[in-house]
Amino acid sequence: MSDAPALEVLQTWDALQTALGDAGAAASLLSEVHPDAQVREAADKHSQDLDAFATDLSLDTEIYAVVAGVDPDGLDADATRMLDKVLRDFRRSGVDRDEATRERLRELNRLELETSQEFARNIREGTKTVRLRPEQLDGLPGDWREQHPAGADGLVEVTTDYPDSIPVRTFAHDRDARVAVSSASLTVAWPDNDAVLRRLLELRAEHARLLGYPTWVDLDTEVKMIETAEAEAEFIARITDLAGPSAERDKQRLLERARQDRPDLADVDTADATYYSELVRREQLDVDAQEVRRYFAFEDVRRGLLDVTGRLFGLTWTPVEATTWHEDVTAYDVELAGERIGRIYLDLHPRDGKFKHAAQFTLVSGLFERALPEGVLVCNFSRGLMEHSEVVTLFHEFGHLIHHVTAGRQQWQRFSGVATEWDFVEAPSQMLEEWAWDADVLASFARDADGNPIPADLVRRMRAAHEFGKGFQARTQMFYAAVSYDLHHALPDDLTERIGELQRQYSVFAALPDTHMHCSFGHLSGYASAYYTYMWSLVIAKDLFSAFDPGDLFASEVAERYRDRILAPGGSRDAADLVEDFLGRPYTFDAYAAWLSREPGTD
Ligand SMILES: [Zn+2]
């Protein structure tokens, strides 16, 4: 036992993490959004320095000895949880191992990062090119064809980069063209990445063993809501089963449509799946994207988002003048029951040098009576009309922002904001997407230029088109999840052969011959064995949503209970306990299963 009182040690550690966290948050935000390239570069450099310092701290044996030596007697429940988490973080870094092992772990961290980067670089630089006759591109949009004229030899070059390959796989009537581009896409970085991936998997396996875990999956799942490798395997098997009937039903529809073109076709493969999905949506489900987007003017959507979420969660958004990094940014103070609880910033339009995707960034972590939380939404929407998919994205990202702000009254920075298990983090945002698919909610703000609200029938058709194929998409997702799990669980002798087995077992679409998808499956570097997380949080999101009244998504009693029991606690309790507290029962798969089996377009 060390002499220092436990509470004081923990508070000192948390204060250090708060300082590091807020400095890191500001640096990472500015590196992505500041208009001045020099500021972005400097912020990047600060980010890296802070990362390196945090790693050093996690491997500091003297600090670890102080924390591990405290007497936990007399700590309250929150502080006891805090001590457990801090010790677990230390143990997972390997600080309690002998010096040789610590050295090797440091080395492994470096090698894993380098090898991941090499894997990603080979994909980035491994773009392939296919040459096609112009008539093979019949079916593609006119502007795409104009941008892809034939060369001197009369052939059109198509690369495996998404802006080229996805339109061909989606729209080209010529099957040979689709097969050529699909096959090229599924052999990017082959054979180079076969050996790189094997090396990465070996490094991760050694890393897990050195820390005392049988496999990388065991190491990874320990800190997740799913908890164990066995549970991850069961989850993948269970979703695969649940999705079966819906996958077969919608696949049958693809096969019937494909047989109009090729009457003796026996099965649908990877080169036909995307093309016929699009065709069925267009011919049978009848949604015109042009008709949809005229209801979504940006200013209406932003106002609607604030109205809907404010009404739902009892929050008030008050515009404030604040000095920010760009004139496009709008700032709002957030009030709950008359009390200011935080501030949000919306940076929603593209500009040069800015982050290219959509995400929520933390600016300040909230701490009870010490700091109000601040969060930033960084997106890239046009200033005019929006696609409906962008509206869904906006609701999704805003869900993270609400989570960050409403969970900003914690005693410990470790638990503040979106500090929950990594496989639960997406659930609140995936749930809030439901509001962007509801006819009444949309009609409250989505209006065309003449002021007519979006018709309920159009929303119904949009949903039907969106949900078509949800079963076979789930099976494809489980194929990817199985690849991510399996390769980290037991490294096979032949990666290509094993991937082929997994595709036959999980996907409902046949593989193309002589392809090697693992070499270009970039998520293996970032997600490692945790690709299941997206589907896991979707299952939880559907379960949470089942507590709401689908006939009245504005009902505020349940929404406020959700705010207080799921969002506000942040990471101060396990996600499974929060869900049980809100639903009054442990989480189940029932709501997800019901959604999956429902025919698209029927509510
Ligand atoms: Zn998200």
Side-chain angles (χ1 to χ4, degrees), residues 118-141 143-198 254 258 261-262 265 267-279 472-473 476-477 479-480 483-484 487 494-504 506-526 531:
E118 187 183 350
F119 185 73
R121 188 169 56 241
N122 284 343
I123 297 172
R124 238 177 14 244
E125 295 175 359
T127 303
K128 297 197 168 197
T129 302
V130 173
R131 307 176 75 77
L132 299 168
R133 298 186 311 282
E135 66 272 20
Q136 286 186 284
L137 295 167
D138 285 352
L140 277 108
D143 57 337
W144 189 96
R145 297 195 67 170
E146 271 166 36
Q147 289 157 10
H148 294 77
D153 58 358
L155 297 178
V156 179
E157 259 192 23
V158 177
T159 72
T160 52
D161 290 341
Y162 288 162
D164 268 16
S165 62
I166 290 180
V168 174
R169 295 170 78 171
T170 310
F171 298 113
H173 297 322
D174 184 88
R175 174 169 157 86
D176 292 342
R178 298 197 304 269
V179 170
V181 172
S182 303
S183 297
S185 298
L186 292 165
T187 46
V188 163
W190 164 264
D192 295 2
N193 263 353
D194 194 72
V196 177
L197 177 60
R198 176 170 295 281
L254 296 187
D261 300 337
R262 283 172 285 156
L265 189 67
D267 196 9
V268 179
D269 67 12
T270 301
D272 281 338
T274 313
Y275 173 75
Y276 283 106
S277 296
E278 168 62 21
L279 217 51
F472 59 64
Q473 281 159 5
T476 302
Q477 288 296 309
F479 164 47
Y480 297 151
V483 168
S484 142
L487 301 186
D494 186 325
L495 292 171
T496 297
E497 193 183 295
R498 183 68 187 137
I499 301 290
E501 286 168 11
L502 293 171
Q503 177 149 10
R504 280 188 291 281
Y506 292 97
S507 171
V508 296
F509 301 120
L512 297 173
D514 304 318
T515 53
H516 309 272
M517 68 76 77
H518 59 285
C519 290
S520 57
F521 186 32
H523 289 309
L524 287 174
S525 67
Y531 190 83

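Position 1 is the first residue of the sequence; numbering continues from there.
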Quiz: residues 119-129 side-chain donor-acceptor pairs under 3.5 angstrom, not counting sequence neighbours:
residue : atom : partner : partner atom : Å
N122    : ND2  : N193    : OD1          : 2.9
T127    : OG1  : D161    : OD1          : 3.1
K128    : NZ   : T187    : O            : 3.3

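With a 6.0 Å radius and a threshold of 12 heavy atoms from other residues, nucleotides or ligands, D153 has its CG atom above the threshold. Counting heavy atoms of neighbouring residues, nucleotides and ligands inside a 6.0 Å radius, atom OH of Y480 does not exceed 12 of them.
Atom CG of L197 sits about 13.5 Å away from atom NE2 of H516, to the nearest 0.5 Å. Separation of atoms OG1 (T170) and CG (L279) is listed at 11.0 Å; rounding is to 0.5 Å. The CZ atom of F479 sits 10.0 Å away from the CZ atom of R504 when rounded to the nearest 0.5 Å. Note: D143 CG to H148 NE2 = 10.0 Å, rounded to the nearest 0.5 Å. Note that CG of L495 and NE2 of H518 are 4.5 Å apart. Values are rounded to the nearest 0.5 Å. The distance from atom CD1 of I499 to atom CD of E497, rounded to the nearest 0.5 Å, is 11.0 Å.
The shortest non-hydrogen separation linking D272 to V268 is CB-CG1, 3.9 Å. Closest approach of T515 to T496, counting heavy atoms only: O-CG2, 3.9 Å. Minimum interatomic distance between L512 and S182 (heavy atoms only, all atoms of both residues): CD1-CB, 3.5 Å. For P141 against F171, the heavy-atom pair with the smallest separation is CD-CD1, 4.0 Å. Taking every heavy atom of both residues into account, D194 and C519 meet most closely at N-SG, 3.6 Å. Between G154 and P134, the closest heavy-atom pair is O-CD, 3.2 Å.
In this structure the side chain of F472 reaches within 4.5 angstrom of the side chain of L254, judged on heavy atoms. Between T270 and L186, the closest side-chain pair of non-hydrogen atoms falls below 4.5 Å. Put simply, the side chain of W144 reaches to within 4.5 Å of the side chain of V168, judged on heavy atoms. R133 places none of its side-chain heavy atoms less than 4.5 Å from the side chain of V156. Counting only heavy atoms from C-beta outward, the side chains of L132 and D174 never approach each other to under 4.5 Å.
Under a 4.0 Å N-O distance rule, the pair E501/R498 qualifies as a salt bridge. D494 has no carboxylate O lying under 4.0 Å from a charged side-chain N of R198, or vice versa, which leaves the two without a salt bridge.
Remark: side-chain polar atoms of T160 are not paired, donor with acceptor, to backbone N or O of S185 under 3.5 angstrom.
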#### Entry: CA sep, side-chain torsions, deciding dist, call: S484, L524, side chain to side chain contact (heavy atoms under 4.5 Å, CB included)
CA-CA 6 Å; S484 142; L524 287 174; 4.2 Å; yes
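Each salt bridge (charged side-chain N to carboxylate O under 4.0 Å, His left out) pair with one or both residues in residues 181-191, not counting sequence neighbours, would appear here, but there are none.
Screening H173, R169, R178 for a side-chain hydrogen bond (donor to acceptor under 3.5 Å, both in side chains) involving Y275 leaves a single residue, H173.
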